[in-house]
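Counting starts at 1 for both ligands and their atoms, in listed order. What you see is a predicted model; the values in this text were computed from it and never measured. Numbers for residues simply follow the sequence, beginning at 1.
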Amino acid sequence: MTPFLPGATIGVLGGGQLGRMMAVCARQMGYRIVVLDPSARCPTAQVSDGVVVGALDDVEAARHLAHQVDVITLDTEHVPADVLAELEAIVPVRPGARVLRTIQDRLVQKQFLDGLGLAQAAWAPAGDAAELAAGLARVGRPAILKVRRAGYDGKGQVRINEGPEGPSRSIAADPVAQLARLRGEPAVVEAVVPFVREVSVVLARGLAGEIRIYPIAENVHRRHILHTTRAPAPMPEAQRARAEAMAVSVAEALGHVGVMAVEMFELAGGELLINEIAPRTHNSGHYTYGACATSQFEQHVRAVCGLPLGDPRALTGAVMVNLIGDLWAGGPPAWQHVLAVPEARLHLYGKYLAAPGRKMGHVVLLDDDAERALATAESLISRVSRA
Ligand code: AMP
């Protein structure tokens, strides 16, 4: 298949920070970018050649974008698969509707992983109270209820604790009350996993099926949001190979094209369970921009344009820390403290509103000494805050 060479136009569905960082890399390579987003001032639009203002489920707006571009990709997996299927009749869409249909519904994603024989937390459908009761009997407590669609960063998730049965039981222990908190959205319930750590495999799969794998990232979440990533994760060779093999089998079974991430829980005995799949560039891969020969964003451009994939090798160890909206509580953070650190790279996403829990940017520390870099990251976070 003929590649889309620099000079071609890439359409991006969704205008968040992932699209923005991809657009920066794509434009550096000589591509043009047009983005579809409800806001003309979204992070990606700020660095694009054009913007189509519209909702991600607005087929007419998406068609309008498709007619201006050579190939389409995604900033988010929450674009309805049916919209992608419509666009596939106009231009190549990578990843396509088939991948999104499998990923964007947690229930279908879990069935897909079961079908591949890949380990994950015990789970069950929880469409209504009766199904939830049966599901809880199967997976046990504590458990987590997750909406099937459109959840992210812990949104659309509630925990069901062990708690006493009877009239005095707490809301967190009452499955029906928890289901109600999800406002009637169909959900799945899964066992809380006693993981010792979380890791993710970020890889790219090209048009001809070739695969490039980045050094595995070790991730720490706070309040369900990624807080820090360190890479490479210290991991025995055999463990690394198993994690990579699991992620590769997911990418191949999906027929994915582009960058994708597979998040995993590691148990005390070393067993790996897949938490979730993201068919796009990923927060835990932000460190690659600066630390690796080819960033995940350039790699994604290469994959969706049908070009040879780049070298994913790390040139240095790295730590990434997310900058969450809460940091803005006392006014704009004092970025000069970050910029005074030679190994620090500051990325801000151009978001106008710094809401609590919102990802506003991140800092990457290029340092082979991960413990030192993690300590620097924490001290920077406290120093930039004016609260
Ligand atoms: P998710 O949005 O499903 O990736 O969840 C965000 C984070 O919540 C994960 O990275 C974990 O830290 C935590 N989490 C989600 N599901 C589970 C689970 N079944 N057991 C333990 N922790 C979980």
Check: Is E162 paired with R141 through a side-chain N to carboxylate O contact shorter than 4.0 Å?
Finding: no
Checklist line | Carboxylate-amine/guanidinium contact R101 D82, below 4.0 Å | finding: yes
Notebook entry, point to check: Going hydrophobic residue to hydrophobic residue with side-chain gaps under 4.5 angstrom, can you get from V71 over to L87?
Noted result: no
Notebook entry, point to check: Under a heavy-atom criterion of less than 4.0 Å, does M264 contact ligand 1?
Noted result: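 M264 does not count as a contact of ligand 1 under the 4.0 Å cut-off.
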Margin query: Can you confirm whether more than 12 heavy atoms, excluding those of R383, are under 6.0 Å from its CZ atom?
Written below: yes
Residue-level breakdown please: for [X] versus ligand 1, do any non-hydrogen atoms fall below 4.0 Å on the side chain, on the backbone, on both, or on neither?
{"X": "N275", "answer": "side chain"}
{"X": "V193", "answer": "both"}
{"X": "H227", "answer": "neither"}

Note to self: Quick check for you: to the nearest 0.5 Å, what is the distance between H221 atom NE2 and N275 atom CG?
What the structure shows: 7.5 Å
Would you mind running through ligand 1 and noting each atom that sits below 4.0 Å from a heavy atom of [X]?
{"X": "K146", "value": "3 (O), 15 (C), 16 (N)"}
{"X": "I144", "value": "16 (N), 17 (C), 18 (C), 23 (C)"}
{"X": "H221", "value": "10 (O), 12 (O)"}
{"X": "E276", "value": "1 (P), 2 (O), 3 (O), 4 (O)"}

Notebook entry, point to check: Who gets closest to atom 18 (C) of ligand 1 by heavy atom: E190, E198, Q120?
Noted result: E190
Checklist line | T228 side chain near M320 side chain, heavy-atom distance below 4.5 Å | finding: no
Checklist line | Where A81 and A97 come nearest, the two heavy atoms and their spacing | finding: O-CB, 3.5 Å
Check: Should A191 be counted as touching ligand 1, given the test is an N or O pair under 3.5 Å?
Finding: yes
